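A quick note: this is a predicted structure, and the numbers were derived from the prediction, not measured. These values consider heavy atoms only, across backbone and side chains, with no hydrogens, waters or symmetry-generated copies.
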Amino acid sequence: MPFPSRSAAIPGRAPGRALDHDNHYYEANAEAYAERTLRAEQAPLFERFEAILPPRAAILDLGCGAGRELKPLVAQGHDCLGIDLSPSLARIAARHSGAKTIAGDFRELDFPGEAFSGILAIASLLHLEGGEREAMLASIAHWLRPDGLFLVTMKLGTGFDHAADGRGYALIEKRSWLGTLRSHALEPIEAMQTAVAGTVSNSAHDWLAVLARKS
């Protein structure tokens, strides 16, 4: 499928309150945030995701940040596209990974059905609240090919929380989150809980990574 040039921009609607606020943080702190995340370990279950991708897979990274996950995927010959709401992070991701990137709102993306063999949402869907998160999951399921892979990380808890730096996070409970994924034909094949200590997170909530396959 046609991808944009190395780093492009798309127009978008006004972001939701949480996403808009958080993007101010990422844009203002892009270089420092990139340095911190690029030093961190890959997302939980990322190696498993890599290992079962088909050769030269089309990959979409929603909220790609500085391109930490994109870089090894590009190195393996996959056809990768990253999107981040922060223009600075999108540029950093393109430079770091060699992938094509878009600066824009991933809620505004419009791809044909079954366009991708793998989709990543590493610490990105947690910036959306209920209805918008459900709509994104429906889009993700639509964009994935049959048996396509989806790797997503979220924070565990209930309600909505704010970190010390002001960023907001929608929290999920494991059982209900797995059920939500299944309701969108995204069948979990592995889940891993990770303690917050040692991650780049500055909130007190543990992470849940889920690797799912489109059924």
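Residues Ala30 and Leu89 approach most closely at O-CD2, 3.8 Å, considering heavy atoms. Shortest non-hydrogen contact noted between Val210 and Pro188 is CG1-CB, 3.9 Å. Across Ala93 and Ser97, no two heavy atoms sit closer than the pair O-OG, 2.6 Å. The two residues Leu73 and Cys80 come nearest to each other via the heavy atoms CB-SG, 3.6 Å.
Here the OG1-CH2 distance, from Thr153 to Trp207, works out to 5.0 Å after rounding to the nearest 0.5 Å. Between Ile119 atom CD1 and Leu186 atom CG the span is 8.5 Å, to the nearest 0.5 Å. For the atom pair OG (Ser215) and CD1 (Ile189), the distance works out to 11.5 Å, reported to the nearest 0.5 Å. Between Thr180 atom OG1 and Ile172 atom CD1 the span is 9.0 Å, to the nearest 0.5 Å. Considering NZ of Lys155 and OG1 of Thr194, their distance stands at 11.0 Å, rounded to 0.5 Å. Atom CD1 in Ile52 sits 11.5 Å away from atom OG in Ser117 (nearest 0.5 Å).
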Which donor-acceptor pairs under 3.5 Å do side chains of residues 53-67 form with protein atoms, sequence neighbours excluded?
{"from": "Arg56", "atom 1": "NH1", "to": "Gly77", "atom 2": "O", "distance (Å)": "3.4"}

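When side chains are defined from C-beta on, Phe150 does not count as touching Arg213, because their heavy atoms never get closer than 4.5 Å. A heavy-atom distance below 4.5 Å is found between the side chains of Glu132 and Arg107. Within the 4.5 Å cutoff, no side-chain heavy atoms of Leu171 are placed close to those of Met154. Annotation: side chain of Leu156 is not in contact with side chain of Glu173 (no heavy-atom distance under 4.5 Å). Proximity of Gln42 to Pro72: side-chain heavy atoms (C-beta onward) are separated by under 4.5 Å at one or more points. Residues Arg145 and Lys214 form no side-chain contact, since every pair of their non-hydrogen atoms from C-beta on lies 4.5 Å or further apart. Phe46 has its side chain out of reach of Leu211: every pair of non-hydrogen atoms, C-beta onward, lies at least 4.5 Å apart. Side-chain contact between His142 and Ile140 is absent, with no heavy atoms from C-beta onward closer than 4.5 Å.
If you chain together hydrophobic residues whose side chains sit under 4.5 Å apart, Leu81 and Leu144 fall into the same group. In the hydrophobic clustering of ILVMFWY residues, with side-chain heavy atoms under 4.5 Å counting as a link, Phe49 and Leu70 come out apart. Leu38 and Leu120 fall into different hydrophobic clusters, where Ile, Leu, Val, Met, Phe, Trp and Tyr side chains are chained together by heavy-atom contacts under 4.5 Å. Using a 4.5 Å cut-off between side-chain heavy atoms of Ile, Leu, Val, Met, Phe, Trp and Tyr, with links allowed through other members, Val152 and Ile83 fall into the same hydrophobic cluster. Under the 4.5 Å side-chain heavy-atom criterion for grouping Ile, Leu, Val, Met, Phe, Trp and Tyr, Phe116 is not connected to Val74 through any hydrophobic cluster.
With hydrogens and angles left out, the side-chain atoms of Glu134 and His184 include a donor and acceptor closer than 3.5 Å. Between Thr37 and Arg68, the side chains place no donor N or O within less than 3.5 Å of an acceptor N or O (distance only, hydrogens not considered). Between the side chains of Gln76 and Glu50, a donor-acceptor pair is found at a separation under 3.5 Å.
Between Arg133 and Glu129 there is no salt bridge, since none of the side-chain N atoms of the basic residue sits less than 4.0 Å from a carboxylate O of the acidic one.
For residues 183-192, every residue pair satisfying the salt bridge (charged side-chain N to carboxylate O under 4.0 Å, His left out) rule, not counting sequence neighbours, is listed here: Arg48-Glu190, Arg182-Glu187.
Qualifying ring-ring contact (aromatic ring centres under 6.0 Å, His included) partners for Trp143, counting only residues two or more places apart in sequence or in other chains: Phe111.
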